[in-house]
Amino acid sequence: MSVVLKVTEAAQGDWAVVQVSGEMDLVTSPAVRQQVHDAVADGRHSVVLDLSDVLFCDSSGVGVLIAARRLMRSCQGQLRLILPARGAEDGSHVNRVLAALGVRRLFEVYPDVAAAVDEDTAPMSA
């Protein structure tokens with residue numbers, strides 16, 4: 001029995017904050033992709049993906065993150081990820097996967113929503 005992916009969106013100022021929890025895999029990742037596309041279609045070009053409650057992420061999930069980054073860059077938008085140092089259980093699974101695949105440096109990563117939507121806060125180093 002797999003964990004159901006839950007994707008919700010809330011606005012924080014100019015930012016669309018997409019909260020993702022559960023597992024990002026081949027079956028569930030398209031829901032995250034759709035949410036990012038919907039935000040852009042609604043004219044929101046600043047998106048935060050809160051992945052702090054993602055328990056598992058496979059290559060299809062990483063593909064969605066890379067595609068979201070490409071989409072945001074194509075519309076001169078911004079994409080920020082929330083990957084807390086101690087996120088889902090003991091350390092962020094997504095952070096480990098991105099680092100293992102060598103793509104972690106492609107993303108602006110923040111520890112929480114407040115930091116991600118604050119223009120004066122610098123992203124965490126890879």
Side-chain angles (χ1 to χ4, degrees):
M1 167 99 184
S2 71
V3 177
V4 176
L5 183 80
K6 186 170 168 225
V7 181
T8 57
E9 182 183 328
Q12 287 226 355
D14 292 335
W15 292 87
V17 179
V18 178
Q19 168 82 41
V20 184
S21 59
E23 298 185 355
M24 283 179 66
D25 58 25
L26 189 62
V27 174
T28 60
S29 291
V32 177
R33 174 184 290 123
Q34 189 60 54
Q35 191 73 45
V36 173
H37 279 266
D38 289 350
V40 171
D42 290 343
R44 301 184 79 73
H45 292 171
S46 297
V47 175
V48 173
L49 285 178
D50 183 350
L51 307 176
S52 51
D53 291 327
V54 173
L55 304 171
F56 174 81
C57 179
D58 69 7
S59 59
S60 57
V62 172
V64 165
L65 297 178
I66 291 172
R69 177 182 178 268
R70 191 177 305 126
L71 172 66
M72 297 314 295
R73 288 171 69 100
S74 73
C75 66
Q76 282 75 53
Q78 301 180 75
L79 176 68
R80 295 180 174 177
L81 304 184
I82 296 175
L83 300 174
R86 295 190 53 75
E89 264 93 283
D90 106 37
S92 169
H93 175 81
V94 179
N95 204 21
R96 289 195 307 268
V97 170
L98 293 177
L101 293 172
V103 295
R104 163 66 178 76
R105 62 184 166 66
L106 297 177
F107 297 97
E108 287 187 15
V109 175
Y110 293 81
D112 53 46
V113 172
V117 299
D118 179 3
E119 294 301 330
D120 295 329
T121 302
M124 298 187 304
S125 58

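Along the sequence shown, residues are numbered consecutively beginning with 1. Basis for what follows: all heavy atoms, side chains included, without hydrogens, waters or symmetry-related copies.
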If you take all heavy atoms of [X] and [Y], which pair is closest and at what distance?
X   : Y   : result
V7  : L5  : CG2-CD2, 3.7 Å
H93 : V54 : CB-O, 4.4 Å
S60 : D25 : OG-C, 3.0 Å

Using side-chain heavy atoms (C-beta onward) and a distance below 4.5 Å, is [X] in contact with [Y]?
X   : Y    : value
Q12 : V113 : yes
R96 : R104 : no
C57 : V62  : yes
L51 : N95  : no
R80 : L49  : no

Quick one: ring pair (Phe, Tyr, Trp, His ring centres under 6.0 Å) partners of F107, sequence neighbours excluded?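 Not a single residue meets the ring pair (Phe, Tyr, Trp, His ring centres under 6.0 Å) criterion with F107.
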
Nearest 0.5 angstrom please: F56 CZ to T28 OG1, how far?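 Output value for this atom pair is 9.0 Å.
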
CG of D50 to CG of L81: how many Å apart, nearest 0.5 Å?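 So the gap between those two atoms works out to 10.0 Å.
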
Under the side chain to side chain contact (heavy atoms under 4.5 Å, CB included) criterion, do T8 and V18 qualify, and how do the steps go? CA-CA 6 Å; T8 57; V18 178; over 6 Å; no

Answer yes if V27 and V32 sit in the same cluster of Ile, Leu, Val, Met, Phe, Trp and Tyr residues linked by side chain heavy atoms under 4.5 Å apart, and no otherwise.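 As far as the 4.5 Å side-chain criterion goes, V32 and V27 are not connected within one cluster.
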
Hey, any chance M124 and L101 share a hydrophobic cluster, counting ILVMFWY side chains that come within less than 4.5 Å of each other, even indirectly?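 Yes, it is one cluster - the side chains of M124 and L101 are joined through contacts under 4.5 Å.
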
Is the count of non-hydrogen atoms from other residues, nucleotides or ligands lying under 6.0 Å from D14 atom CG greater than 12?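 Atom CG in D14 is not packed in, count stays at 12 or less.
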
Side chains of residues 39-47: which donor-acceptor partners sit under 3.5 Å, not counting sequence neighbours?
residue, atom, partner, partner atom, Å
R44, NH2, G13, O, 3.4
R44, NH2, W15, O, 2.9

Donor on one side chain, acceptor on other, Q19 and E9, under 3.5 Å: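 Side-chain D/A pair, Q19 to E9: absent.
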
Distance-only donor-acceptor pairs under 3.5 Å for side chains of residues 66-73, two or more places apart:
residue, atom, partner, partner atom, Å
R69, NE, L106, O, 2.8

Worked check of side chain to side chain contact (heavy atoms under 4.5 Å, CB included) between L65 and M24: CA-CA 10 Å; L65 297 178; M24 283 179 66; 4.2 Å; yes

Ignoring hydrogens and angles, tell me if any N or O in the side chain of R33 forms a donor-acceptor pair with the backbone of V64 under 3.5 Å.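 No.
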
Keeping the roles fixed (side chain from S29, backbone from L26), state whether a donor-acceptor pair exists under 3.5 Å.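 Not confirmed, S29 side chain does not pair with L26 backbone.
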
